[in-house]
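Data first, discussion second: the structure below is written as structure tokens.
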Amino acid sequence: MASKSLYEGELLAELQELSEAEQAKLLKLIRFLKEEILQESSDLSDKAVILRHAGLLAGLSPEAEQRFMQAVSRRTLFGNRQIRL
């Protein structure tokens with residue numbers, strides 16, 4: 001396994017070959033990767049994430065619940081139509 005200093009040296013060598021604008025773009029990419037891709041998994045389990053939203057619809061008025069159910073039950077644009085060629 002290569003050491004951390006070896007990786008740092010290789011990264012610096014690659015960076016030195018880039019223009020300032022390219023370095024700025026790469027810095028944004030590295031920060032994005034660190035924050036979004038390389039982050040540790042969250043402390044919440046999948047079940048906890050689901051339960052966090054449980055009961056969200058419990059407080060709907062009958063009218064709002066009816067509108068919600070209509071929206072959920074809508075079919076696709078073409079419904080069950082048969083295609084004739």
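Hydrogens, waters and symmetry mates are skipped; everything else that's a heavy atom, side chains included, is used.
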For residues 8-15, run the donor-acceptor check on the side chains, cut-off 3.5 Å, and write out each pair with its distance to 0.1 Å, sequence neighbours left out.
none

**Request:** Output the distance between atom CG (Leu27) and atom CD (Glu20), rounded to the nearest 0.5 Å.
**Result:**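 One gets 11.5 Å once the value is rounded to the nearest 0.5 Å.
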**Request:** Quick one: list whatever passes side chain to side chain contact (heavy atoms under 4.5 Å, CB included) with Ala64, sequence neighbours left out.
**Result:**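 For Ala64, the residues satisfying side chain to side chain contact (heavy atoms under 4.5 Å, CB included) (neighbours in sequence not counted) are Leu60, Ser61, Arg67.
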**Set of side chain to side chain contact (heavy atoms under 4.5 Å, CB included) partners for Glu22, sequence neighbours left out** =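 Testing Glu22 for side chain to side chain contact (heavy atoms under 4.5 Å, CB included), a comparison that skips the adjacent residues, returns Leu18, Ser19.
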